[in-house]
Structures are given as C-alpha cells and as structure tokens.
Amino acid sequence: MKAWFIDCTPELARLFDSGAAPVPPGVRIHRGDPDDAAILAMARDAEVLMVEHTLIPDAVLTQAPTLRAIVFMGTGAGTYVNAALARARGVPVLTTPGYGSVAVAEHAFALMMAGARQVARMDRDIRAGVWQPRGGMQLAGRKVAVLGMGGIGQAFAERCAAFGMRVAGWNRSPLDHPLFCADLNQALHGAEVVSLHLALTEATRGFLNSARLALPAPGFLLVNTARSQLIDPAALIAALDSGQAGHLATDVFDAEPLSPDDPLPGRQDVTLTAHAAYMTRDAYLELWRRTCAQFEAVRES
Ligand SMILES: NC(=O)C1=CN([C@@H]2O[C@H](COP(=O)(O)OP(=O)(O)OC[C@H]3O[C@@H](n4cnc5c(N)ncnc54)[C@H](O)[C@@H]3O)[C@@H](O)[C@H]2O)C=CC1
Ligand SMILES: O=C(O)C(=O)CO
C-alpha cells in the first residue's frame, strides 16, 4: 500500500535522517510545505495520507478516489481536516491520542512560569536595550483551574500540585482523581491561573466566553496549549484590554502560521510559542511510532 507523509518539520526530518524514526515500506516523505495542488496530487497517488499541521483541502476528500484514510499525526485533527466531509465520503481520519501528554503538560508549565514571571517580556526589553526588572506572581499557594482532565490536563494538574498550587481540575464527566472538581464555576471562581486542556468540538468552540472569563481573579493568567478556538476571540481581547485577564500564554492560534492581522503579537501582555508543545524528542518518536501503527492498521484492514 502506498502512502504520502506530508509537511515534514525539520525536527522530524532530523529523526528520519538519523534513523531514529524508521519509515515503513510504502511511505514516501514530502519535505517542506506543499500547496493545495501538490497535496491533491499526492492524495491521488496514495491510499493513505499521513499529515501533521497541514490544512487538508476539501478537494482531497472529493477528488482522490483511491484515498482510503487520512492519518493525522496528533490528537486534535478537527482544525486541519473537514471531519464532516471525511465522514460523508467514508474516509476515516485516524489520530494518535495520548502520545505526548507529559511533553505538552511540561510546555503548559513553561508557559505558566514564563507568564507568571514576565520572562518573555523582559527578554524582549533587554534585546531592545531596555533594562527593566519586572515583578511577577509566585505560583505556590495560587489557585489554578485546569479545564479538561484528560491525559494532558491530569499531567499538568499533578505538576501544579507538586509546585504547591491549589488545583481545581474540572472535567465534564466525573473522575476518580484527587484534583477533580465537579463544578466548572467553582473551579474558575477566583482562579489566579486558568489552563485549557479540552478537546475542540462543536460543543467546546468558544467555551471560554465573556461570562466564564469574568469568574477568575482579576489579572489572572490564561494558559492555552489546547486549541485557540476554545476561547471566544472578542471576549479574550476584551478581557485582556480590561485587565480582567492579566496575561495570555498560548501555543495555539486561530491561524497557524499567524495571520498578519492577528492582534496578539502586537501586545505586551502575551507570551507566544509556535504550536510546539508536543515537540520533544520523546513525544515526537512516540508520535511517529503511533502514526506508523495507524498506517499499518489501514494496510491490514
Ligand atoms: N499544543 C500541542 O502541541 C498539543 C495540543 N493538544 C491539544 O490538547 C488538548 C487536550 O488533549 P489530550 O489531553 O490529549 O486529550 P484527551 O482526549 O485526553 O482530553 C480531552 C478533554 O476534553 C474533554 N472534552 C471533550 N469534549 C468535551 C465537551 N463537549 N465538553 C467538555 N469537555 C469535553 C474531555 O472530557 C477531556 O477532559 C486537545 O485540544 C489537543 O488537541 C494535544 C497535543 C499537542
Ligand atoms: O496532537 C495535537 O493535537 C497537536 O496539537 C500537535 O499536533
């Protein structure tokens, strides 16, 4: 069976080139960033498309009759593939959940610490020739609301508890976990840090709306390694402008790479990383292993 793996990042290319991430027979690798026409041409030349952070054009689902499956190298495929159209066309979109919960939780922690201590702000200052020490928030003793206690949320919550934070880990279904909090409003109320770990679905789009953004403590720190679409964009900007949200530390954006009119890079009250929370060597190797396992599952079906 033939497959194309598209959108190979330099990090992954290094793992291929060093032999650390073996490529199964039948899988061809496209290095770089293909345009829609190139993606369609690969889809017409394969039974399986293996993709990372590539927007799959709808034409792939309607004009590539040999395509049997798309394997999304990651958890949240919904922002990259039109899931409803894929379902309607009978093209399964397979994912690789759980490959790197610790890596993402550690990155969320890095964002929380950077935001709490204004690390990126002072780095920008110093590079601009400004020596301006800036105060921060001590994390020990602070309340953190962890929204979504799946694999990543639990790993993050446990790390916060180890730092002496007061953790309210909300999950929509009850959990037998010592940090679980059943009441969303209670979890958010007075939180000094809020960290998002929900899956993006039609039900969770815009989940953090203006009413929910009003519940944490004034000046709270918002951390997002999940999906930007979980936050209502107008409510987010209003919360930052009013100071209700004191800082946003985010790894995920409405458009990736960022659209030139995205307001976030122009602000000082944000810390930004380029959707890299999962990118540790350990997580990447496990991610590739699971991606190949999904390819094999299609081959054997
Ligand atoms: N920035 C990055 O590099 C990465 C980001 N992610 C994102 O992190 C997030 C969490 O991923 P995992 O912990 O691996 O997923 P998971 O499947 O283990 O957890 C998902 C959570 O979302 C909740 N959820 C799902 N539908 C819901 C609904 N309708 N209402 C309320 N809660 C709902 C579940 O109860 C669960 O708590 C996802 O958005 C995923 O796409 C995942 C990997 C890497
Ligand atoms: O696994 C995911 O969902 C990611 O965001 C990284 O691709």
Side-chain angles (χ1 to χ4, degrees), residues 5-9 11-12 50-56 70-81 83 93-112 145-159 167-177 179-185 187-188 194-209 212 223-231 248-257 271-291 294:
F5 176 73
I6 58 181
D7 184 23
C8 172
T9 60
E11 284 77 7
L12 191 55
M50 299 158 77
V51 299
E52 196 171 358
H53 289 170
T54 301
L55 288 177
I56 299 298
I70 294 175
V71 180
F72 175 71
M73 189 176 176
T75 309
T79 35
Y80 301 97
V81 188
V93 179
L94 307 174
T95 59
T96 58
Y99 63 90
S101 299
V102 167
V104 181
E106 286 183 356
H107 193 85
F109 214 90
L111 285 173
M112 175 171 67
V146 181
L147 304 188
M149 289 282 280
I152 298 169
Q154 286 191 25
F156 178 75
E158 287 157 13
R159 280 152 182 77
V167 183
W170 177 78
N171 201 62
R172 108 185 117 151
S173 47
L175 278 186
D176 182 16
H177 190 286
L179 301 173
F180 171 63
C181 168
D183 186 315
L184 174 61
N185 287 353
L188 282 169
V194 175
S195 190
L196 278 168
H197 301 285
L198 300 171
L200 178 66
T201 68
E202 279 322 303
T204 58
R205 190 174 289 276
F207 185 88
L208 267 193
N209 54 23
R212 287 178 177 149
V223 178
N224 192 2
T225 53
R227 288 292 183 265
S228 68
Q229 296 84 355
L230 293 165
I231 312 174
L248 169 72
T250 186
D251 186 48
V252 285
F253 301 88
D254 291 344
E256 298 175 1
T271 298
L272 312 175
T273 57
H275 202 148
Y278 67 108
M279 274 197 190
T280 63
R281 179 183 166 86
D282 305 77
Y284 231 158
L285 287 175
E286 182 58 18
L287 179 52
W288 180 245
R289 198 188 63 70
R290 292 186 190 203
T291 302
Q294 291 290 42

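Order of listing sets the numbers, starting from 1, for every ligand and every atom in it. Side chains are part of it too, since the values below use all heavy atoms of this structure and drop only hydrogens, waters and symmetry mates. Bear in mind that the values here come from a model prediction, so they are computed numbers and not experimental data.
For ligand 1, the atoms closer than 4.0 angstrom to any heavy atom of Asp251 are 1 (N), 2 (C), 3 (O). In summary, the atoms of ligand 1 found under 4.0 Å from a heavy atom of Ala277, numbered by their order in the structure, are 1 (N), 2 (C), 3 (O). For ligand 1, the atoms lying closer than 4.0 Å to a non-hydrogen atom of His275 are 1 (N), 2 (C), 3 (O). Residue Met149 approaches ligand 1 through these ligand atoms, each under 4.0 Å from one of its heavy atoms: 37 (O). Numbered from 1 in the order shown, with element, the atoms of ligand 1 that lie under 4.0 Å from a heavy atom of Tyr99 read 43 (C), 44 (C). The Ala203 neighbourhood of ligand 1 comprises atoms 29 (N), with distances under 4.0 Å to a heavy atom of that residue. In the vicinity of His197, heavy-atom distances shorter than 4.0 Å reach the ligand 1 atoms 10 (C), 20 (C), 21 (C). The distance from ligand 1 to the heavy atoms of Gly148 drops below 4.0 Å at these ligand atoms: 37 (O).
Remark: side-chain polar atoms of Thr96 are paired, donor with acceptor, to backbone N or O of Gly74 under 3.5 angstrom. A side-chain donor-acceptor contact under 3.5 Å links Thr204 to the backbone of Ala199. Side-chain N or O atoms of Gln294 include none that pairs as donor or acceptor with a backbone N or O of Val71 at under 3.5 Å. Within the 3.5 Å criterion, the main-chain N or O of Ala283 finds a donor-acceptor partner in the side chain of Thr280. Looking at Arg227, its side chain does come within 3.5 Å of a backbone N or O of Gly76 through a donor-acceptor pair. A donor-acceptor pair under 3.5 Å is absent between the side-chain atoms of Arg205 and the main chain of Thr201, judged by distance alone. Under the 3.5 Å distance criterion, the side-chain polar atoms of Thr271 are left unmatched by any main-chain donor or acceptor of Ala249. Side-chain atoms of Asn209 come within 3.5 Å of backbone atoms of Arg212 as a donor-acceptor pair (strictly under, hydrogens ignored). The backbone N or O of Val51 lies less than 3.5 Å from no partner atom in the side chain of Thr54, so there is not a single donor-acceptor pair. Put simply, the side chain of Glu158 never gets that close to the backbone of Ala155: no donor and acceptor are under 3.5 Å apart.
Using a 30° and 60° split on the angle between ring planes, Phe72 and Tyr80 fall in the parallel class, below 30°.
Using a 4.5 Å heavy-atom cutoff, the side chains of Met73 and Phe5 are in contact.
Note: an N/O pair closer than 3.5 Å links Gly151 and ligand 1 by distance alone.
Here the straight-line distance linking atom CD of Gln154 with atom OG of Ser101 works out to 9.0 Å at 0.5 Å rounding.
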Pairs under 3.5 angstrom, nitrogen or oxygen on both sides, ligand 2 versus protein: list them out, please.
from: ligand 2; atom 1: 1 (O); to: Thr75; atom 2: N; distance (Å): 2.7
from: ligand 2; atom 1: 1 (O); to: Thr75; atom 2: OG1; distance (Å): 3.4
from: ligand 2; atom 1: 1 (O); to: Tyr99; atom 2: OH; distance (Å): 2.7
from: ligand 2; atom 1: 3 (O); to: Thr75; atom 2: N; distance (Å): 3.1
from: ligand 2; atom 1: 3 (O); to: Gly76; atom 2: N; distance (Å): 2.8
from: ligand 2; atom 1: 3 (O); to: Arg227; atom 2: NH2; distance (Å): 2.8
from: ligand 2; atom 1: 5 (O); to: Arg227; atom 2: NH1; distance (Å): 3.0
from: ligand 2; atom 1: 5 (O); to: Arg227; atom 2: NH2; distance (Å): 3.1
from: ligand 2; atom 1: 5 (O); to: His275; atom 2: NE2; distance (Å): 2.6
from: ligand 2; atom 1: 7 (O); to: His53; atom 2: NE2; distance (Å): 2.6

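Less than 4.0 angstrom separates atom 17 (O) of ligand 1 from none of the non-hydrogen atoms of the protein.
Protein heavy atom nearest atom 3 (O) of ligand 1, with residue, atom name and distance: Tyr278 CD2, 3.0 Å. Nearest to atom 39 (O) of ligand 1 among the protein's heavy atoms is Leu198 O, 2.7 Å. For atom 20 (C) of ligand 1, the nearest non-hydrogen atom of the protein is Ala199 N, 3.8 Å. Of the protein's non-hydrogen atoms, Arg172 NE, 3.5 Å is the one closest to atom 33 (C) of ligand 1. For atom 19 (O) of ligand 1, the nearest protein heavy atom (residue, atom name, distance) is Gly150 CA, 3.5 Å.
Nearest-residue assignment for atom 37 (O) of ligand 1 (options Asn171, Leu196, Thr75, Asn224; heavy-atom criterion): Asn171. Counting only non-hydrogen atoms, the option in Thr201, Thr225, Leu287, Val104 that gets closest to atom 5 (C) of ligand 1 is Thr225. For atom 28 (C) of ligand 1, the choice among Leu147, Thr204, Val252 with the nearest heavy atom turns out to be Thr204.
Ring centroid separation for the pair Phe156 and His107 does not come in under the 6.0 Å cut-off. Between Trp170 and Phe207, a ring centre-to-centre spacing shorter than 6.0 Å is recorded.
When non-hydrogen atoms are compared, ligand 1 lies under 4.0 Å from the backbone of Ile152 as well as from its side chain.
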